[in-house]
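Take a look at the structure below.
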Protein chains: 2
Amino acid sequence: MSDIAALDKTVSPVEKFREYLVTKGQRLTREREIIVEEVFSDHEHFDTDQLVDRLSGRNDKRRVSRATVYRALSAMDEAGLLRKVARPNGREVWEHDYGYPQHDHMVCSACGELFEFHNDEISRLIEKITSAQGFLRTSHRLEVYGTCEACRRPQKRRLRKLDLI
Amino acid sequence: MSDIAALDKTVSPVEKFREYLVTKGQRLTREREIIVEEVFSDHEHFDTDQLVDRLSGRNDKRRVSRATVYRALSAMDEAGLLRKVARPNGREVWEHDYGYPQHDHMVCSACGELFEFHNDEISRLIEKITSAQGFLRTSHRLEVYGTCEACRRPQKRRLRKLDLI
DNA sequence: GTTATTGCAAACCATTTGCAAGTGT
DNA sequence: ACACTTGCAAATGGTTTGCAATAAC
């Protein structure tokens, strides 16, 4: 897998965001920069609540309000930095869409965990089929539902996230 | 396309629902029957609001409350009669999952329209890839985003649903 | 200096839920 | 009779928004 080669990150996420904002006559504020940096500081999936926690848990003056986080995520979506992955329990889950190779997800119905997988053939097939119908594809979202390996082994059953509430 | 052959509808949706309900110690009430019949009276995608309208527009005494519709849709989902297709504008869109061949969707970003397509090879490929990772697949959801044929022709541009508000 | 942006709190809105009255088996 | 269901209205909860103060360019 030469996924790493696909990274091709010539411009930092913050720069990419700035570029997008200019085209819209908008501004790269301190708050937006803080959010982009926090979001791209690791590759995990996250929801808005988790991000707000990460940001408000800081003891420096880099706190950002919840409303601004929502507004920024939506702008980063339009900018092509992020994409919505799934919506397991009523809240939108996000992941990096910039500098991260294309992939899809398996969603375990037992534990709620998301697993990534990548396959070029699927993408090629999707492109072929949809373009044959005159559709100009820009992206796709594929979620496979079922039971993950860990949850299939009764003795080592994972805790359901839902039960942790 | 021998999709029709795949219909294989030996049992009516209402019967199928009853069967599911018994296994759960639940009852096929008059309201649930009304809802299943209305839902399966045509093949279009629908959201809860549209269904509630269809049901409350009736002049016979087959009206059902919104709460009951929500409860029934969720039960029909578990029963395998319906599935959630997408969530274009914050509201869940449903479609038949029983007696209707497996397929995926193209979502036009310009007009918001959903288009169905079917391809066995994709399903086979998905099965192969996910099972190789120990995942026991039960279903999947594939949405391809882009621009539909009609919206690609500027002169005959479709109206954006979003602009109709 | 203008115009976009932030933070707060209130508003939104699809969906869920508690409860008393009603209904299926 | 005994659950299970319904309908209503109220609650929920993630997300959006109006507005006055603030900051980017």
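As the structure is a computational prediction, the values presented were derived from the model and not from experiment. Residue numbers begin at 1 in each chain, while the letters A, B, ... track the order of the sequences.
- At whole-Å resolution of the value, CD in B:Glu92 and P in C:dC13 are 18 Å apart.
- Protein atom CZ of A:Arg91 is 16 Å distant from nucleotide atom P of D:dT12, rounded to whole Å.
- The aromatic rings of A:His103 and A:His105 sit perpendicular to each other, their planes meeting at more than 60°, with 30° as the lower class boundary.
- Between its opening and closing five pairs, the helix from C:dG1-D:dC25 to C:dT25-D:dA1 changes axis direction by 40°, a value rounded to 10 degrees.
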Pairwise N/O distances under 3.5 Å, protein to nucleotides 19-25 of chain D:
from	atom 1	to	atom 2	distance (Å)
D:dA24	N3	A:Arg27	NH1	2.9

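- Proximity of a side-chain donor or acceptor of B:Arg32 to a complementary backbone N or O of B:Arg27 within less than 3.5 Å is detected.
- As rounded to whole Å, 15 Å separates atom C1' of D:dT17 from atom CZ of A:Arg66.
- One atom, OH of A:Tyr70, and another, P of D:dT17, lie 13 Å apart when rounded to the nearest Å.
- Along DNA chain D, the nucleotide nearest to A:Gly90 and the one nearest to B:Arg32 differ in position, and the one closer to the 5' end is contacted by B:Arg32.
- Going from atom CZ of A:Arg87 over to atom P of C:dA14 covers 12 Å, rounded to whole Å.
- The distance from atom CG of B:Asp77 to atom P of C:dT16 is 11 Å, rounded to the nearest whole Å.
- Outside the 6.0 Å centre-distance limit, the rings of A:His140 and B:Tyr145 are not counted as a close aromatic pair.
- A:Arg30 has no carboxylate O lying under 4.0 Å from a charged side-chain N of A:Glu33, or vice versa, which leaves the two without a salt bridge.
- In this structure, B:Phe46 places its CZ atom 16 Å from P of C:dA14, rounding to the nearest Å.
- Atom CD in A:Glu33 sits about 16 Å away from atom C1' in C:dT6, given to the nearest Å.
- Side chain of B:His118 to backbone of B:Glu116: no donor-acceptor contact under 3.5 angstrom is found.
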